A.B. asks: 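Got a structure for you, written out below as structure tokens; questions coming shortly.
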Amino acid sequence: MEWGGGEERTRGPWWSSCLLTSLCPHVCLLSVSHCFSHTVQRHTDTLNPSLFLSITVSMLSHVLQTDYYYEYTECDSTGSRWRVAIPQSHGSCIGLPEPVRGTECTFSCEAGEFLEMSAQECTQCAAGTYSLGSGIRFDDWETIPSGFSSLATYLDNGPHGDDSTTCNSSTWFPQGSYLESNRDECTVSLIYAVHLKKPGSVSFDYQYPDGNLFFEFFIQNDQCQEMDQTADKKWLKLTSHGEWATHTVNLKSGTNILYWRTAGILIGAKVVKPVLLKNVHIEGVAYASECFPCKPGTFSQTPGSSSCQPCPRNTHSGHGASSCTPYADTYTQLGSAECKARPPCSKKDYFQIHTPCDLEGKTQVTYRWVEPQICLVDVDGAETLPPSGDREPCPPCNPGFYNNDTATCSPCPPGTFSDGSCPAGTEPAVGYQYKWWNVLPASMKTSCFNVGNSKCDGMNGWEVAGDHIRSGAGGSDNDYLILNLHVPGFKPPTSATGGAGTEFGRISFEFEMVCSADCELYFMMSTRVASDVRQNVNNVASIYSISVSNAVDGVSSECQTCALLSQPSGSLCVPCPPGHYIHTSQCTECPPNTHLTSHSTLGPEACKPCGPSSKSNKEHSRCYSDCVFSYSENNVSLSFDYSSLGSVGTLMNGPSFTTKGTKYYHLFNISLCGGEGRRAVCTDNVTDLSSADSQKETGEPANAVETLICQSTIIPSSGRGFHTALSSQSISLADTFLGATVALTLDGVKARPDLFPQTTNKVPDVNFFYRSLEVTSSCDKGRNVVVTLRCNPDRSTQGELTVPSQCPAGTCDGCTFHFLWESSGACPQCTSTNYHQIEGACKGGLQDTLYVWTEPKRCVGGVSLPEKKTWPCESMDFLVKMGATIGAFTAALLFSITCYFWKKNKRLEFKYSKLVMSSNKECELPGADSCAVMEGEENEGEMEDEVVYSKKTSLIRKLKAIASRRPTPPPPPRETSSTSPC
């Protein structure tokens with residue numbers, strides 16, 4: 001810890017209120033005087049004045065200057081303050097110097113000086129010490145300096161109860177020259193409180209390489225209220241591997257509590273990389289009350305120094321050194337505090353290189369010691385440098401270069417390639433093609449960088465080796481060996497400059513890694529094992545070839561076809577419009593619903609057809625769905641229009657929990673109809689909040705992922721103590737639309753209907769297939785997405801997105817994601833087959849015909865229900881009345897006929913009976929003519945009632961008898977004589 005300010009430090013609870021008060025400094029004087037008078041009062045009752053004076057003098061003579069120290073009171077309204085003496089131990093109040101008026105509140109000392117409180121004057125620091133004047137600096141992190149505290153919390157206990165005990169070991173770890181944060185899911189805060197006499201600032205250096213670890217810096221006042229702070233000052237920017245960034249924030253006068261807070265999100269078995277912090281510098285404390293010694297490994301040679309310098313290599317220094325001491329047979333790193341014995345040289349201490357080609361075109365393998373040389377050669381068992389090898393022919397020039405009878409290779413002039421000039425209808429294919437490594441190309445450079453700031457810049461990170469370039473040995477296992485390739489820009493071929501989405505350039509390289517320890521290659525190779533000596537010298541990365549296409553200042557080794565002017569005599573290459581390919585040296589537009597894959601392919605084969613139910617944009621750069629889908633089967637045609645589902649569908653599934661119980665959600669944004677301006681966007685509000693300038697220029701967050709389907713990880717604000725929900729790890733799941741179909745497979749991507757069982761199959765599910773061209777470690781062919789659209793009349797128009805219950809993360813294998821989108825808007829367009837008619841009753845001579853939807857209704861939009869129709873009709877009341885009248889008339893007629901025949905039958909029966917009676921009396925029947933109705937017989941009907949029948953017959957039977965009776969012929973006349981009896 002390095003101090004350079006008069007920051008008030010707590011020495012005892014009894015006087016702290018005195019220092020913090022803004023009242024007159026007599027308050028402090030009264031406190032000291034009260035302590036003194038109280039001590040004397042205990043002896044006043046028994047001692048005389050002479051004894052009292054002698055005791056007082058005796059006590060004053062025993063107070064030493066080391067028994068107290070000086071401090072200033074707070075400034076009053078007039079801008080003045082008092083210097084008071086504060087005892088080193090509690091209760092020792094006797095004999096302290098009287099308070100005196102202090103310096104003005106605006107007083108301060110220069111850097112390299114401190115305020116000597118006895119004389120209240122600025123004094124230069126001695127050699128071996130330093131001061132910042134009005135600042136505090138912390139650059140020694142062997143231990144956490146006094147005043148700093150590390151607080152670990154775990155505010156989200158997840159579904160398993162209280163897990164706070166798991167964070168007891170989480171803290172910031174001192175690593176000598178820097179602090180290292182935690183790597184787990186705990187929220188760890190590094191806290192430092194400082195009281196500023198005037199407005200100042202705080203600055204620090206940091207490394208923040210991993211977005212899975214949230215890193216924020218904020219300030220609170222003495223009331224624990226967060227100070228106003230913009231987002232770009234609170235959230236720290238991500239840094240590249242091995243690079244240190246500096247962050248500066250202004251501070252207000254008064255108490256400032258500084259917080260460096262980290263919180264990791266571990267999803268799966270991934271290990272996050274920690275945040276590194278060093279060189280904390282605070283300005284605004286007004287004065288330095290003392291000078292501070294230089295830390296080991298540094299020195300200050302002259303008095304009045306404001307900083308200490310690191311000791312050179314192979315020297316060391318102790319605490320508060322004014323010079324560095326060299327040692328024989330030992331070595332040290334730059335700024336090291338201790339020396340180490342030099343070991344005997346071995347094969348790991350040298351490497352081979354190829355010398356540049358000489359005028360004869362020859363090269364030679366030579367050997368050099370690894371710098372700095374830390375080994376001894378003239379001891380037993382030490383290796384010596386091998387002799388140089390034989391001179392060999394130089395490797396050929398790289399493509400695009402030529403050897404003009406010189407020892408070096410020169411680039412081909414513009415407009416030419418390795419074999420001469422390009423013929424008409426072609427142009428040079430410019431770029432870099434490095435295959436031979438005799439010398440480092442002019443566009444490349446190599447360097448060494450040490451994360452501990454040990455200055456390995458003087459060493460070569462990579463060495464050329466004929467047919468490859470390989471990493472060097474480095475100064476330690478903590479070095480970054482950097483190979484830098486500078487490309488000033490990219491320029492596509494002339495005929496390909498007009499297309500949207502044109503590939504501007506491509507970088508590819510062939511490499512090999514041989515590691516005995518864990519190492520990484522990201523065009524910057526380093527080992528993860530931190531050590532200050534060389535141990536893993538067998539860790540070697542070799543690059544055999546590097547190819548860069550379309551580089552602005554590149555060279556050419558071949559020619560490529562281009563489009564020419566339409567004139568017959570034209571020989572200049574011209575750019576093709578968007579969506580055109582080169583065919584017979586002319587620009588030809590791609591057919592409808594095809595997309596241009598690459599300008600490197602000539603002819604119609606460059607245009608690939610879009611998938612089913614998809615169309616291409618105007619530039620033929622990609623295919624997309626226009627939200628319209630048609631399907632026909634068994635003479636039944638269905639038409640779908642998904643535009644009512646909205647431009648982007650959103651699904652937040654979860655919550656899920658990490659191994660320590662941190663709650664998080666997965667947010668999915670899906671652009672079903674991903675046409676122009678309708679793409680899904682996922683943002684990272686942790687790492688892009690500091691990119692305000694980029695947001696203003698582009699209008700979009702700098703860390704936004706714009707694609708067809710994307711995913712973000714959401715940590716709720718209540719889960720980790722943050723003031724807002726955090727969105728991070730935004731990735732693209734799909735950037736290419738393959739097509740839409742009811743089939744289960746398309747272009748190798750399979751839908752799984754078993755994940756979403758269907759209750760009815762009256763309307764088939766429609767599957768939208770997507771693919772991401774980005775290859776991951778677990779998905780060597782990229783990610784795939786299947787969005788299944790299902791007609792559900794019970795859902796709203798926008799519907800609901802779900803993931804399989806068996807795979808809550810949306811994917812069962814990590815590479816293919818499945819989503820179900822149920823909506824009434826996913827139902828087909830309505831047609832005339834989806835409704836039926838109902839005829840109403842005839843009222844008033846009119847009849848209505850109504851049309852209603854067939855239930856359940858499984859269609860939307862399309863045709864509308866026809867209007868109600870009214871038809872003329874016969875009234876039902878008239879028919880009923882007519883029927884009743886006819887029925888009554890018929891009944892009356894039948895009754896009359898029945899009565900008529902019944903009465904006639906009665907008469908016949910009467911006459912027959914009379915005839916029978918007459919024949920019984922006269923022994924013969926009357927003549928035939930006597931059966932006729934004679935005059936006067938009409939009135940004989942009254943006699944009918946006098947006839948008595950022995951057996952009564954019903955009316956119906958009588959009618960049947962009359963109907964079935966046949967007329968009987970009269971009997972033949974008998975021969976009678978007047979004399980014969982009956």
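In this text the structure is predicted, and so the values were computed from the model without any measurement.
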A.B. asks: Using modelled atom types and a 3.5 Å cut-off, is there a donor and acceptor pairing between side-chain atoms of S300 and backbone atoms of G128?
C.D. replies: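 Side chain of S300 to backbone of G128: a pair is present.
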A.B. asks: I'd like to know if the side chain of S131 and the backbone of G112 have a donor-acceptor N/O pair within less than 3.5 Å.
C.D. replies: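 Here the side-chain-to-backbone pair exists.
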A.B. asks: Please report the shortest heavy-atom distance between L236 and Y208, naming the atom on each side.
C.D. replies: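 Taking every non-hydrogen atom into account, O-CE2, 3.4 Å.
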A.B. asks: Quick one, Q207 and Y178 - any side-chain contact, counting heavy atoms below 4.5 Å?
C.D. replies: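 No, their side chains stay 4.5 Å or more apart.
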A.B. asks: With rounding to the nearest 0.5 Å, note down the distance linking OG in S203 to NE2 in H281.
C.D. replies: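 Separation between the atoms: 6.0 Å.
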A.B. asks: Distance check, rounded to the nearest 0.5 Å: N221 atom CG versus E226 atom CD?
C.D. replies: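 Going from CG on N221 over to CD on E226, the span is 10.0 Å.
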A.B. asks: With heavy-atom distances below 4.5 Å as the criterion, would you say the side chains of P97 and Y68 are in contact?
C.D. replies: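 Yes, at least one pair of side-chain atoms sits under 4.5 Å.
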A.B. asks: Between S317 (side chain) and S323 (backbone), is there a donor-acceptor pair under 3.5 Å?
C.D. replies: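 Checking the backbone N and O of S323 against the side chain of S317, no donor-acceptor pair under 3.5 Å is found.
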A.B. asks: Consider only side-chain N and O atoms of E283 and S134, and report whether a donor and an acceptor are under 3.5 Å apart.
C.D. replies: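 Yes, S134 and E283 have a side-chain donor paired with an acceptor closer than 3.5 Å.
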A.B. asks: So how far is it from N182 CG to S189 OG, rounded to the nearest 0.5 Å?
C.D. replies: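 Separation between the atoms: 9.5 Å.
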A.B. asks: Less than 4.5 Å apart, side chain to side chain, heavy atoms only: is that true for E142 and P296?
C.D. replies: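 Of all side-chain heavy-atom pairs linking P296 with E142, none is under 4.5 Å.
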A.B. asks: Determine whether C109 and F114 satisfy the following criterion, side chain to side chain contact (heavy atoms under 4.5 Å, CB included), listing intermediate values before the conclusion.
C.D. replies: CA-CA 6 Å; C109 293; F114 74 100; over 6 Å; no
A.B. asks: On a heavy-atom basis, which atom in T73 and which in R81 lie closest, and how many Å separate them?
C.D. replies: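 Minimum heavy-atom separation between T73 and R81: O-CB, 3.6 Å.
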A.B. asks: Quick check for you: to the nearest 0.5 Å, what is the distance between F173 atom CZ and L276 atom CG?
C.D. replies: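 Result: 12.5 Å between the selected atoms.
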A.B. asks: Under 6.0 Å between ring centres, would you say that holds for F215 and F217?
C.D. replies: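 Ring centroids of F215 and F217 are no less than 6.0 Å from each other.
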A.B. asks: Would you check if V285 and L132 make a side-chain contact, meaning some heavy-atom pair closer than 4.5 Å?
C.D. replies: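 The answer is no; the side chains never approach within 4.5 Å.
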A.B. asks: For a quick test of reading the model, state the closest non-hydrogen atom pair linking H319 to P293 and the distance between them.
C.D. replies: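 Shortest heavy-atom separation between H319 and P293 comes out as NE2-CG, 3.1 Å.
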A.B. asks: Closest approach of T248 and S201, non-hydrogen atoms and distance?
C.D. replies: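 Heavy atoms of T248 and S201 come nearest at CG2-CB, 4.5 Å.
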A.B. asks: Is the shortest heavy-atom distance from the side chain of N279 to the side chain of T246 under 4.5 Å?
C.D. replies: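 No - every pair of side-chain heavy atoms lies 4.5 Å or more apart.
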A.B. asks: Knowing that exactly one of W172, Y206, F204, F214 qualifies, which makes a ring-ring contact (aromatic ring centres under 6.0 Å, His included) with W260?
C.D. replies: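 Option passing the ring-ring contact (aromatic ring centres under 6.0 Å, His included) with W260: F204.
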A.B. asks: Between the side chain of R83 and the main-chain N/O of M117, is any donor-acceptor distance below 3.5 Å?
C.D. replies: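 Answer holds: yes.
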A.B. asks: To the nearest 0.5 Å, tell me how far C308 SG sits from K295 NZ.
C.D. replies: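 Result: 9.0 Å between the selected atoms.
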A.B. asks: Could you work out, with salt bridge (charged side-chain N to carboxylate O under 4.0 Å, His left out) as the rule, every residue matching E180, not counting sequence neighbours?
C.D. replies: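 For E180 the salt bridge (charged side-chain N to carboxylate O under 4.0 Å, His left out) partners, ignoring immediate neighbours, are R183.
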A.B. asks: Is there a side-chain contact between L258 and I282 in this structure, where contact means two heavy atoms from C-beta onward sitting under 4.5 Å apart?
C.D. replies: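 Touching, per the 4.5 Å side-chain cut-off.
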A.B. asks: Tell me whether the rings of W141 and F138 are parallel (<30°), tilted (30 to 60°) or perpendicular (>60°).
C.D. replies: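 The arrangement is tilted - the two ring planes meet at 30° to 60°.
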A.B. asks: Under the side chain to side chain contact (heavy atoms under 4.5 Å, CB included) rule, what do T129 and F292 come out as? Steps first, then yes or no, please.
C.D. replies: CA-CA 5 Å; T129 63; F292 297 91; 6.0 Å; no
A.B. asks: Any donor and acceptor pair, going by atom type alone, linking the side chain of S253 with main-chain N or O of P199 inside 3.5 Å?
C.D. replies: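 No; zero donor-acceptor contacts below 3.5 Å.
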A.B. asks: Would you name the heavy atoms of V84 and P99 that are closest together and state the gap between them?
C.D. replies: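 That would be CG1-CB, 3.8 Å.
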A.B. asks: Looking only at non-hydrogen atoms, find the nearest pair between T302 and S305 and report the distance.
C.D. replies: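 Where T302 meets S305 most closely, the heavy atoms are O-OG, 2.6 Å.
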A.B. asks: Hey, what do you get for CD (Q175) to CG (L277), rounding to the nearest 0.5 Å?
C.D. replies: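 With rounding to 0.5 Å, CD (Q175) is 12.5 Å from CG (L277).
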A.B. asks: Residues two or more places apart in sequence or in another chain: which of them pass side-chain hydrogen bond (donor to acceptor under 3.5 Å, both in side chains) with Q124?
C.D. replies: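 Counting only residues at least two positions away or on another chain, Q124 forms no side-chain hydrogen bond (donor to acceptor under 3.5 Å, both in side chains).
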A.B. asks: Do V188 and S150 make a side-chain contact, defined as non-hydrogen atoms from C-beta onward lying under 4.5 Å apart?
C.D. replies: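 Contact flag for V188/S150 side chains = yes.
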A.B. asks: Quick one, D139 with K278, criterion side chain to side chain contact (heavy atoms under 4.5 Å, CB included). Give me CA distance, side-chain angles, the key distance, then yes/no.
C.D. replies: CA-CA 6 Å; D139 57 5; K278 69 176 184 178; over 6 Å; no
A.B. asks: Does some side-chain heavy atom of T187 sit less than 4.5 Å from a side-chain heavy atom of R261?
C.D. replies: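 In short, these two side chains touch, coming nearer than 4.5 Å.
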